[in-house]
Amino acid sequence: MSDDLEFPPPPLEEQERMVEAMLFASAQPVTLRDLADRLPQGADAAEAVARLRRRYEGRGIELARVGEAFAFRTAPDLSFLMQTETLETRRLSRAATETLAIIAYHQPVTRTEIEEIRGVATSRGTLDQLIELAWVRIGRRRMTPGRPVTFVVTEAFLDHFGLETARDLPGLAELRAAGLLDSRPPGDLAVPIVRAADDDDIGDESRPGDLFGEEED
């Protein structure tokens, strides 16, 4: 008799329940790989997730994709019910908003490229603030002289704005239709605006420390 006994994977209904339990208990989005590592051998994590997403369609919560991971989230049309529970602890400066938009639309992008697009040097602390918020992280270094680091948006950024991937960001036509291409970047996200001076962060005592050291003039 063989020592390697093979047991069939549990039914898909049971796999779906297992995935539901893991996602419900997790405070962070969970990738398919992590789900598969926890499921019994032979289970199909992708199919279980697909079945679960269909089952939650149209309900008060939905199984949303966040980058390469999945998490339960409040249905977008019911988000107004949570507004009384949401506290705005920090408002991004105009410089940080523009920088975040450039990174989101042009990633991976270097600091020099950000400054070229904005038309002004990036003030001390702007990138630090975005990294501290966990909306931006350092990407791979460019294979160019000096090997500068690049910046990309994180899954936390995608999760905050309800996006599956950065490709889901609105295009120029959508931004114009929404009236967002004016001289003042609105709300949480804006398109890059070229300006002659950058004094948004001057005197900002709540600004986090500079992670990159003093900037050159």
Practice item. State whether R142 and E113 are salt-bridged, where the test is any N-O pair (Lys NZ or Arg NE/NH1/NH2 against Asp/Glu carboxylate O) under 4.0 Å. Key: yes
dist F161:CZ -> D159:CG (nearest 0.5 Å) comes out at 11.0 Å
Less than 6.0 angstrom separating the ring centers of F151 and W135, yes or no? no
E20 side chain near R55 side chain, heavy-atom distance below 4.5 Å:
yes
Side chains of R118 and I102 in contact at under 4.5 Å (non-hydrogen atoms): yes
Legend entry - Heavy-atom neighbours of R53 CZ exceed 12 at 6.0 Å: yes
Please examine the side chains of F70 and L32, heavy atoms only from C-beta on, and report whether any two atoms are closer than 4.5 Å.
yes
Look only at the side chain of T126 and the backbone of T122, and say whether a donor-acceptor pair between them is shorter than 3.5 Å.
no
T154 (side chain) donor-acceptor with A134 (main chain) under 3.5 angstrom: yes
- P9 and E14, any side-chain heavy atoms less than 4.5 Å apart: no
Checklist entry - If only atom types and distance count, is the side chain of T150 paired as donor or acceptor with the main-chain N or O of R140 below 3.5 Å? => result yes
To the nearest 0.5 Å, atom CZ of R137 lies from atom CG of L130 at 14.0 Å
| With a cut-off of 6.0 Å (strictly less than), are more than 12 heavy atoms of other residues, nucleotides or ligands near CD of Q107? | yes
One should read off an interatomic distance between S26 OG and L35 CG, to the nearest 0.5 angstrom, of 9.0 Å
In this structure, CD of E116 is separated from CZ of R111 (nearest 0.5 Å) by 13.0 Å
State whether the side chain of R65 and the backbone N or O of G67 hold a donor-acceptor pair below 3.5 Å, judged by distance alone.
yes
message = Would you say that more than 12 heavy atoms from the other residues, nucleotides or ligands in this model lie under 6.0 Å from the CZ of R17, or not?
response = no
Output for pair (L158 CG, T165 OG1), nearest 0.5 Å, gives 7.0 Å
In this structure, CD of E16 is separated from CD of E47 (nearest 0.5 Å) by 9.0 Å
| message | Would you say that L12 contacts Q15 through its side chain, given a criterion of any heavy-atom pair below 4.5 Å between the two side chains? | response | yes
Do R33 and E68 meet the salt-bridge criterion of a basic N to acidic O distance under 4.0 Å? no
